[in-house]
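Proteins come first, then strands; the chains are lettered A, B, ... in the order of their sequence lines, and each starts at number 1.
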Amino acid sequence: MRLDAATLAEQVAKVDVRAIARVMSLIENRDPVGTAVLAQLTPSRAQASVIGITGYPGTGKSTLIDQLITAYRRLGQKVGVLAVDISSPITGGAVLGDRIRMQQHADDPKVFIRSMATRGHQGGLAHATGEALRVLEAAAYDMILIETVGVGQNELDIVQIAPIVVAVVAPGLGDEIQAMKAGLLEVADIVVMNKGDHEGADRTMRDLQAQCRMVLRTVAHRDEGILELIAVIAEYRRIQDLNGSRCGKTTERLVQRGATSGS
Amino acid sequence: MAVAAAPLRILIGKVGLDGHDRGVKLVARALRDAGVEIIYTGLHQTPEQVVATAIQEDVHAIGLSIHSGAHNSLLPRVLHLLREQGAGDIALFGGGIIPDEDVPRLKAAGVQMLFGPATPMQSIVNFVKALHVEH
């Protein structure tokens, strides 16, 4: 079943989930029809909030997103999620398991979750993630959450496509010097220390607070700290709307975040 | 990266009240090693969740493991939902403890293949790789 680009673009605008998913595959597969659909999509008038969720492996990014979906659904928002996991550099295969934590939302018609494999792309995202984001924007999702692969310190593509970036860390992953290092924590708007009930959490909080502007503590699997996180995200969005920085170029955003060099 | 053939995308998971996931994880791992993108949904999925996930993930096929004895209701339910939602082109295969006498009926209903205990892993990999057709 192959449809032409105009039909697919029309169906995406009507939030036909099958078409949205199919267009994302076409884009991932670098199919020219996918490019043609993108050219015909118009972002919905109400601008989506795009939030990047990044952080070290195993810190609870997917569980945090699961709770964010619940919270935003309670507020009546339509939520899209792009969850990126790594492809095997040897076989090209992948086990995309982020959405296991989010499956309670699988059959909610106001939630769309898509797993993406990196397919060799470096930087923490798949090559097609930015374009998949445009598809969700055209389908008028209110909140779009993008989960990067579990990153080290230098996979920062997310900064270029998400106006608000949340870095998730966990207690016990290093001392204050780790918190001082450049990279992930430096470019994040909000640092979330998840697993806030684990040993060493108080110490890690103090270290992070000494180095980062905005640090929140969560226990995602118990839904603790999620409302505070949502409030802070909303405040960031409000400030960005006020000073127009959401429309700024990536380099401007990086400079605003205090990064030393653009792109 | 050079343009390569698009990888197969396969949903692998378990439906219903059934916690036996050792086998299904081995299958997921073997398919990963064969270059397949596996969307792994984990345990205790409802047919509704499986079908919604398959559509959002635009998979070529769904592979479900069932050791609970509920295959005669769960697998046809998944097929029904797929067709109802215009996704009848997504193939369904299964594995687990499924008595021989149930197999013909399930296949007639539209389940493409059922893999019983002691199936060589390569048979499953070969079956999945043969699914690489336009859907």
Novice: Are there residues of residues 105-118 of chain A that reach to under 4.5 Å of chain B by heavy atoms, and which ones?
Specialist: A:A106, A:D107, A:V111, A:F112, A:I113, A:R114, A:S115, A:A117
Novice: Quick one: does B:Q56's side chain get under 4.5 Å of A:I20's, heavy atoms only?
Specialist: no
Novice: Do A:R18 and B:Q85 come within less than 4.5 Å of each other through their side chains, counting heavy atoms only?
Specialist: no
Novice: Would you compute the distance between atom CD1 of B:I38 and atom CG of A:L96 and round it to the nearest 0.5 angstrom?
Specialist: 8.5 Å
Novice: Report which part of A:Q104 has an atom under 4.5 Å of a heavy atom belonging to chain B: side chain, backbone, both, or neither.
Specialist: backbone
Novice: Walk me through it: do B:R29 and A:V95 pass the test side chain to side chain contact (heavy atoms under 4.5 Å, CB included)?
Specialist: CA-CA 7 Å; B:R29 173 68 195 269; A:V95 173; 5.9 Å; no
Novice: Has B:R32 got more than 12 heavy atoms of other residues, nucleotides or ligands less than 6.0 Å from its CZ?
Specialist: yes
Novice: Can you tell me which portion of A:I100 sits under 4.5 Å from chain B's heavy atoms? Options are side chain, backbone, both or neither.
Specialist: both
Novice: Sort by residue number and list every residue of residues 43-55 of chain B having at least one heavy atom under 4.5 Å from chain A.
Specialist: B:Q45, B:T46, B:E48, B:Q49, B:A52, B:T53, B:I55
Novice: Mind ranking A:G92, A:S88, A:A21, A:S87 by heavy-atom pairs under 4.5 Å with chain B and telling me who comes out on top?
Specialist: A:A21
Novice: Atom OG in A:S25, atom CZ in B:R9: separation rounded to 0.5 Å?
Specialist: 5.5 Å
